[in-house]
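All remarks here apply to the structure that follows.
Here is the naming used below: chain letters follow the sequence lines, and residue numbers restart at 1 for every chain.
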Amino acid sequence: MFKVATRFAPSPTGALHIGGVRTALFNWLYSKNNKGTFHLRIEDTDKQRSKDEHKIQIIKSLKWIGIEHDGEEYIQSTKINDHISIANELLKSGNAYKCYCSNEEIEDQKKRARQKKLPYIYNRKWRDLSEKDAPTDVKPVIRFKSKIEGSTILKDLVQGDVEIDNNTIEDFIILRNDGTPTYNLSATVDDHQMNMTHIIRGDDHKINTFKQMQIYLAMKWELPQFAHIPLIHTIKGKKLSKRDNASTLDDYSKIGIMPDALRNYLLRLGWSYEDKEIFTLEESIKHFNLEGIGKSPSKLDMSRILSMNEYYIKNIDENELYNHLVQYCEIYKDKIKTEKEEKIKKSLSFLKNKAKTLEDIFNNAKYIILDEVNFGDDDLKLIDENAKKIIAEFKNEIISLNTFNKEGLEPIVNGLIKKYDTNFKGVGQPIRVALTGSKFGPGLYDIVISLGKKEIEKRLSSKIIT
RNA sequence: GGUCCCUUCGUCUAUCGGUUAGGACAGCUGGUUUUCAUCCUGCAAAGGGGGGUUCGAUUCCCCCAGGGACCGCCA
């Protein structure tokens, strides 16, 4: 048995979206599960639309989520000569022919097909015509001579046997009239030269597979295995496209989703393994298989992404979580100063308890991360004369407090509650606002302890609340 | 319109002929609680429709309906 080799072959004509990432993930997992290799091929033959920045974004995105390809990336545009020479071989062996139809002629055919509500399929005009009759003013394209008789069965690893009549596959163009190869030719030649054993790609490629199979056959190349995975749909039930919002990895990273959480979410979108929901990277490699891939398309569900992220926030090692937070804040928020590290790490256990995203943790930890307290207008309203008295008294008690923990703080707060004939909220809220600027956030004792005596004293002396 | 694919709770899914159709997320209860949460109880929630096959179908077959993908000298 040959070593499994898979590939992910995006075109760098736009940002990689989450559907593409899942395809890459499945390919990667499948190869790793089989102790094989995973390759990245950049299909940059559309020179107008291909951009280097997209290529960089693609590689960065894959790396972010934990996927690294084996070997150098394969740049399709550097192999164009190979593709052209295969086209010529096909021409020589009678498996392809020159088509001298003008653009106008083709457009006309398409128009007529539309009018008659028939599917357009090239009429194979030049399939049997002699080149002697060729017009001199038209540069020909090269078309593959598709089978007309019989049918082809695709033994799809996900969808099972799929059979279509050969005459529904048109004589597709393999070389444009400017001499450049088209997708189906290039992809096939590359897959063959890269020795791919398994082509795992979106369901939208299925018709291409039938075309490509014919090229393999004509070239007497060994056919790889194919697996067409169902597409990811938007909440509206349509194919996810580059135009959809929030579909690149950056969009998720920006709101504080962690790569492992998204990886786990994507893994379970369209694939399952018994009732298991949480998969470490190692587990996902161990258990991944093609049998577990469902046949129906699945919808993207943000609340699930969020809850997966929440799970990872609560369950991963706190040092690791802290590192994620530092990176996140540096890129998207305020950089965390190194002298805050200890305070934040100590507080992570309660900061993370009310967070679904790294952004939530940042918000909860803002009172530590930022040196200045930013008061919300509504929150400031809570600081009336009575509240100011409570705050002042609390400050005085704190100054003389030796045991700076919950046991030491509780009697102080309780004393104030009694004195001012109120409840916990009546005392806690003004102090919380004075310390953090907000009435929401971690528990009062957590805040006080995490800030430390010196900082408390400083903040409670602020003019705005005295 | 043609070809192909799909169809279990709102969502992701389990079930490989016999189950009170299971789990997870979301939702709703109740409890703990120091705001907001977390955490813990519980509840509600599904086999598109119609035919077969079978002692028995969510499961196998057929038809219909609905949804989707493709139909580029893009990839």
Side-chain angles (χ1 to χ4, degrees), chain A residues 9-14 42-46 48-50 76 99 101 103 106 110 113-114 116-121 139-143 154 156 158-160 162-165 167-170 172-184 186-187 201-208 210 228 230-231 233 235 237-239 265 268-278 291-292 294-308 310-311 314 349-350 352-356 360 364 410 413 417 423-425 427-429 432-433 438-447:
Chain A
S11 65
T13 54
I42 303 294
E43 306 211 328
D44 58 343
T45 51
D46 184 340
Q48 258 87 47
R49 297 196 299 148
S50 291
Q76 187 165 63
C99 163
C101 286
N103 270 326
I106 299 288
K110 284 187 186 172
R114 259 198 306 271
K116 286 190 198 164
K117 295 206 164 187
L118 288 171
Y120 164 73
I121 182 161
K139 272 208 252 168
V141 297
I142 296 180
R143 288 183 182 269
L154 161 66
D156 194 281
V158 169
Q159 304 199 345
V162 181
E163 181 174 9
I164 68 165
D165 284 342
N167 62 26
T168 58
I169 304 167
E170 72 164 343
F172 55 98
I173 294 170
I174 54 176
L175 227 55
R176 300 184 185 97
N177 66 184
D178 65 358
T180 57
T182 61
Y183 166 74
N184 277 303
S186 297
R201 65 196 354 172
D203 191 30
D204 51 345
H205 276 287
K206 208 157 54 191
I207 190 67
N208 290 324
F210 283 100
H228 291 92
L231 301 174
H233 281 178
I235 210 77
K238 301 281 184 211
K239 174 183 167 180
Y265 170 77
R268 281 285 288 97
L269 189 66
W271 179 83
S272 62
Y273 180 78
E274 296 166 356
D275 275 342
K276 196 169 164 62
E277 300 283 352
I278 305 299
E291 295 76 51
K295 290 184 166 193
S296 52
S298 33
K299 294 191 179 99
L300 219 46
D301 181 359
M302 195 58 202
S303 69
R304 241 178 123 75
I305 296 178
L306 250 17
S307 93
M308 187 62 80
E310 184 178 14
Y311 177 88
K314 299 214 167 95
S349 63
F350 62 82
K352 71 180 182 184
N353 271 338
K354 41 196 75 189
K356 279 180 154 56
D360 292 341
N364 289 336
E410 221 161 14
V413 173
I417 291 171
N423 52 18
F424 187 90
K425 205 172 160 186
V427 172
Q429 226 163 42
R432 176 200 304 281
V433 170
S438 168
K439 62 184 166 189
F440 300 118
L444 182 62
Y445 297 131
D446 285 333
I447 292 173

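Summary of the strand contacts: A:E274 and A:D46 both lie near RNA chain B, and taking for each the nucleotide with the nearest heavy atom, the more 5' one is attributed to A:E274. The nearest heavy atom of RNA chain B to A:K295 and to A:N208 marks one nucleotide each, and the one closer to the 5' end goes with A:K295.
With sequence neighbours excluded, the residues forming a side chain to side chain donor-acceptor pair (under 3.5 Å) with A:S303 are A:D301, listed by chain and number. Under the side chain to side chain donor-acceptor pair (under 3.5 Å) criterion, A:K354 pairs with no residue, sequence neighbours left out. Scored by the ring pair (Phe, Tyr, Trp, His ring centres under 6.0 Å) test, A:F350 finds no partners at all (sequence neighbours excluded). Shown here are the side chain to side chain donor-acceptor pair (under 3.5 Å) partners of A:T180, two or more places apart in sequence or in another chain: A:R176, A:D178.
Between A:T182 and A:F172, the closest side-chain pair of non-hydrogen atoms is not below 4.5 Å. The closest side-chain heavy-atom distance from A:S50 to A:P12 is below 4.5 Å. Counting heavy atoms from C-beta outward, A:M302 and A:I305 have side chains that approach closer than 4.5 Å. A:I164 has its side chain within reach of A:I207: a pair of non-hydrogen atoms, C-beta onward, lies under 4.5 Å apart. Residues A:R304 and A:L269 fail the side-chain proximity criterion, which asks for heavy atoms closer than 4.5 Å.
If you check every strand for non-hydrogen atoms under 4.0 Å, A:V141 touches a base. Among the heavy atoms of the strands, none lies under 4.0 Å from A:D44. At the heavy-atom level, A:K299 lies under 4.0 Å from the strands shown only through sugar-phosphate atoms. As judged by a 4.0 angstrom heavy-atom cut-off over every strand, A:P442 is placed among the base-contacting residues. A:Q159 comes within 4.0 angstrom of the backbone, heavy atoms only, and of no base. When heavy atoms are screened at a 4.0 angstrom cut-off, A:T180 is found touching no nucleic acid atom at all. Using a 4.0 Å heavy-atom distance criterion, A:G202 is classed as making no nucleic acid contact.
One interatomic measurement links the two molecules: CZ of A:R143 to P of B:rC73, which rounds to 7 Å at whole-angstrom precision. Straight-line distance from the CZ atom of A:F172 to the C1' atom of B:rA75: 15 Å, rounded to whole Å. Following rounding to the nearest Å, A:D446 (CG) and B:rC36 (C1') show an atom-to-atom distance of 13 Å. Here B:rA14 presents its P atom at 8 Å from CZ of A:R268, a figure rounded to the nearest Å. In this structure, the OH atom of A:Y273 is 13 Å from the C1' atom of B:rA14, given to the nearest Å. Rounded to whole angstrom, the span from the CG atom of A:N103 across to the C1' atom of B:rG72 amounts to 11 Å. Rounded to whole Å, the distance from CZ on A:F210 to C1' on B:rC4 is 8 Å. Rounded to an integer number of Å, the gap from A:W271 CH2 to B:rC12 C1' is 13 Å.
Comparing atom distances between the A:K354 side chain and each of B:rC73, B:rA37, B:rC25 picks out B:rA37 as nearest. Of the candidate nucleotides B:rC36, B:rC4, B:rU38, B:rU38 has the atom nearest to the side chain of A:N353. The side chain of A:E43 approaches B:rA75 more closely than any other nucleotide in the set B:rA75, B:rC36, B:rU3. Nearest nucleotide to the side chain of A:D275, out of B:rG22, B:rA75, B:rA24: B:rG22. Candidate nucleotides B:rU13, B:rA26, B:rC73 were compared by shortest atom distance to the side chain of A:S298, and B:rU13 ranks first.
Comparing the same atom, C1', in B:rA65 and in B:rC73 gives a spacing of 39 Å after rounding to whole Å. B:rG2 and B:rG10 have their C1' atoms separated by 34 Å, with the value rounded to a whole Å. For B:rG68 and B:rG51, the P atoms lie 28 Å apart once the distance is rounded to whole Å. Distance check on atom C1': B:rA21 versus B:rA46 gives 9 Å, rounded to whole Å. To the nearest whole angstrom, the two C1' atoms, one in B:rU15 and one in B:rU59, are 8 Å apart. Taking atom C1' on both nucleotides, B:rU58 is separated from B:rU7 by 12 Å, rounded to a whole Å. A distance of about 37 Å separates the P atoms of B:rC70 and B:rC28, rounded to the whole Å. Rounded to a whole angstrom, the distance from the C1' atom of B:rG31 to that of B:rU38 is 14 Å.
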message = Protein within reach of the bases, or only the backbone? For nucleotides 39-47 of chain B, mark each nucleotide 5' to 3' as B, S or -, using heavy atoms under 4.0 Å.
response = ---------
inquiry  = Counting primed atoms plus P, OP1 and OP2 as sugar-phosphate and everything else as base, spell out the protein contacts along nucleotides 63-71 of chain B at 4.0 Å heavy-atom distance: B, S or - for each nucleotide, 5' to 3'.
reply    = -----SSSS
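For NZ of A:K425, the number of neighbouring non-hydrogen atoms (other residues, nucleotides, ligands) closer than 6.0 Å is 12 at most. Counting heavy-atom neighbours within 6.0 Å of A:K276 NZ, excluding the residue itself, gives a total above 12.
The partner of B:rA21 cannot be assigned: no Watson-Crick or G-U wobble pair with both contacts below 3.5 Å exists in any strand. Under the Watson-Crick or G-U wobble criterion, with both distances below 3.5 Å, B:rU32 has no partner in any strand shown.
Side-chain to base pairing of A:R304 with B:rA24: one donor and one acceptor N or O lie within less than 3.5 Å of each other.
At B:rA14, one or more side-chain N or O atoms of A:S272 fall inside 4.0 Å of OP1 or OP2 (strictly under the cut-off).
Residue A:H228 is tested with A:V162, A:D204, A:L154 for a side chain to side chain contact (heavy atoms under 4.5 Å, CB included); the sole match is A:L154.
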